[in-house]
Structures are given as C-alpha cells and as structure tokens.
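Quick notes on the structure that follows.
By convention in this document, chain letters (A, B, ...) are assigned in the order of the sequence lines, proteins followed by strands, and residues within each chain are numbered from 1.
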Protein chains: 2
Amino acid sequence: MDVVDKPYTERQKLIAKFSNALANPVRVAILELLSTDKCCYHREMFSHLPIAKSTLSQHLKVLSDAGLIQGDADPPKTKYCIDTENWGLAKGLFLGFFDR
Amino acid sequence: MDVVDKPYTERQKLIAKFSNALANPVRVAILELLSTDKCCYHREMFSHLPIAKSTLSQHLKVLSDAGLIQGDADPPKTKYCIDTENWGLAKGLFLGFFDR
DNA sequence: GATTTAATTCGTATTTGTACGAAATATAGT
DNA sequence: ACTATATTTCGTACAAATACGAATTAAATC
C-alpha cells in the first residue's frame with residue numbers, strides 16, 4: 001500500500017460503521033418504526049417484526065452501539081428513540097459520499 | 001408479527017443491500033478511488049490498499065454484486081467504474097431514508 | 001510454444017452476524 | 001413475599017464475511 005500507512009480515514013470508518021448498522025432489513029425497519037411512528041418500546045416493535053424478542057434486543061444493541069438510537073431505560077421498560085445528533089452526522093456523511 | 005406477512009419491503013431490502021456493500025472501510029475506500037480518481041484497474045487500487053490482491057478481488061465482487069460498480073473485462077485487465085445508474089438509485093434511497 | 005502480466009478463483013482459517021429459547025433482571029402491583 | 005410484565009443477557013448453532021497464499025485463466029509478447 002501507499003508508502004505511509006493510515007489505512008483508512010476516520011470518515012471512511014464512520015461511513016462503514018453506519019452502513020453496517022443499516023446492512024440488515026430488520027434494522028432498517030426498526031429505524032423506520034422509530035422515526036415515523038415515534039414508536040419507542042421493544043414490545044411495540046416486536047409486534048411489527050417477525051423475529052424473536054431476544055433477536056430484536058440484539059438488533060437494538062447493534063443500532064445503539066453504532067450510535068443511531070438511544071435507549072432510555074426505566075425497567076422493565078426501555079424507551080427507544082433515534083439519536084438525532086448521530087442521525088444528522090450519518091446523513092451528512094452519506095450525502096457527501098454520494099454527491100459526486 | 002403484523003397479521004399478513006410481507007416481512008420487509010423491497011425498499012428496505014435495497015437499503016440493506018447497498019448498506020452492506022458500504023459496510024467495510026476497504027469498500028468505501030475503493031468507491032472513493034473509483035469516483036474521484038477515475039482510477040479503474042485492480043492494479044492501481046491494489047497500490048493504494050493494504051490488502052492482498054485476492055482480497056481486493058473479493059471486495060470488488062461484493063461491490064459488483066450490489067450493483068455499485070461495473071467491471072469491463074479485457075483480459076488480463078479489468079477496468080472498473082462506478083455504476084452510475086445504481087449509484088443514483090442508492091443515493092436517492094439514502095436521501096429519502098435519512099430525510100425525516 | 002514458453003513467458004509475462006493482470007486479475008480471478010479456490011481452498012481454507014478465523015471472526016463476526018443472525019437466530020432462537022431459556023434464564024435472568026428489575027420494577028410494579030397484589 | 002409472590003406474581004406479572006418488559007426487556008435483556010446467556011448459551012449455542014449455523015451462516016456469512018474477511019483475510020491470505022497458491023493455483024488458475026487468458027491474452028500479449030518473446
């Protein structure tokens with residue numbers, strides 16, 4: 001590779017990270033539920049998706065780790081919402097990326 | 001899940017498919033090379049990336065299968081370019097998705 | 001026809017993703 | 001204290017992604 005090695009830029013890694021979060025139709029559907037319905041509880045999302053509850057929790061964790069959603073825990077409930085700050089960041093990155 | 005089961009929409013599956021193609025910094029870098037430099041040969045990309053040639057071919061295949069690039073084979077060379085039609089489609093899908 | 005060049009395909013090891021059910025957690029209500 | 005509710009975590013199985021080097025392909029040139 002090119003002489004000196006900063007393999008990938010932070011931008012490239014961020015785009016990959018956000019893309020990875022979106023790389024599964026279940027997670028795309030979850031984000032759409034959260035951003036349109038303001039639907040926010042695990043139970044509600046579960047009723048719209050053909051997967052086990054534990055699988056849903058796993059997907060929520062992936063989205064959360066990527067920073068695209070936030071979970072406000074109030075046991076036994078957790079209210080999930082889009083993380084608007086990172087959502088905006090992701091949006092900007094994708095716009096910049098595709099705009100060529 | 002919801003009564004009748006069309007698990008995921010075509011739109012959701014397409015977004016997931018394109019996202020999956022972008023879900024790795026190597027592939028993000030490849031797409032940037034292709035879209036900025038008009039750099040188009042395996043050999044050129046190889047010189048910019050810290051991976052084995054076979055690994056690069058694999059990533060090119062992923063991008064190609066997702067429809068984001070096209071390879072014009074003229075053995076032993078292959079000239080790679082962005083697939084502008086699907087690039088535009090992906091752009092539109094991401095814009096629509098993030099615009100909420 | 002042997003060699004060189006450019007790239008792909010194959011075989012394979014390792015890691016990561018996706019799914020499920022069972023068990024655990026934590027609070028609220030009885 | 002017991003039960004019900006909402007959700008997560010654990011254990012685990014199977015599939016897919018990522019990486020590499022070795023072998024293969026296919027045309028161009030010697």
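Under a 4.0 Å N-O distance rule, the pair B/Lys17/B/Glu10 does not qualify as a salt bridge. We find that B/Lys77 and B/Asp72 are not joined by a salt bridge, their nearest charged nitrogen and carboxylate oxygen being 4.0 Å or further apart.
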**OP:** Kindly determine whether B/Asp99 and A/Lys91 satisfy side chain to side chain contact (heavy atoms under 4.5 Å, CB included), including the steps that lead there.
**Re:** CA-CA 8 Å; B/Asp99 193 24; A/Lys91 178 179 177 169; 3.4 Å; yes

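Remark: the backbone N or O of B/Gly67 is paired with a side-chain donor or acceptor of B/Asn86 at under 3.5 angstrom. With hydrogens and angles disregarded, a donor-acceptor distance shorter than 3.5 Å links the side chain of B/His42 to the backbone of B/Lys53. B/Ser35 contributes a side-chain N or O that, together with a main-chain N or O of B/Leu31, makes up a donor-acceptor pair within less than 3.5 Å. A donor-acceptor pair is defined here as one N or O able to donate and one able to accept, closer than 3.5 Å; no such pair exists between the side chain of B/Arg27 and the backbone of B/Leu22.
Here D/dT25 presents its P atom at 18 Å from NE2 of B/His42, a figure rounded to the nearest Å. Computed from coordinates, the A/Lys79 NZ to D/dT5 C1' distance equals 18 Å when rounded to whole Å. If you take NZ of B/Lys17 and P of D/dA16, they are 16 Å apart, rounded to a whole angstrom. Atom OH of A/Tyr80 and atom P of D/dA6 are 15 Å apart (whole Å).
Taking the six-membered ring for Trp, B/Phe98 and A/Phe94 have ring centres closer than 6.0 Å. The aromatic ring centroids of A/Phe97 and B/Trp87 lie less than 6.0 Å from each other.
Residue contacts for B/Thr78: at a heavy-atom cut-off of 4.0 Å it reaches the sugar-phosphate backbone alone, with no base atom in range. Among the heavy atoms of the strands lying under 4.0 Å from B/Asn24 are primed sugar atoms or P, OP1, OP2 only; no base atom is included. Residue contacts shown for B/Lys77 are limited to sugar-phosphate atoms, with no base heavy atom under 4.0 Å away.
When DNA chain C is scanned in the 5' to 3' direction for atoms under 4.0 Å from non-hydrogen atoms of chain B, the outermost contacting nucleotides are C/dT5 to C/dT9.
Looking at residues 55-66 of chain B, you'll see B/Thr55, B/Gln58, B/His59 sit with a heavy atom under 4.0 Å from some atom of DNA chain D.
Closest approach to the A/Arg43 side chain among D/dT7, D/dT5, D/dA26 is made by D/dT7 (side chain taken as heavy atoms from C-beta onward).
Residue B/Arg27 has a polar side-chain atom (N or O) positioned under 4.0 Å from OP1 or OP2 of D/dT18.
When each of A/Asp74 and A/Ala23 is assigned the nucleotide of DNA chain C bearing its nearest heavy atom, the one mapping closer to the 5' terminus is A/Ala23.
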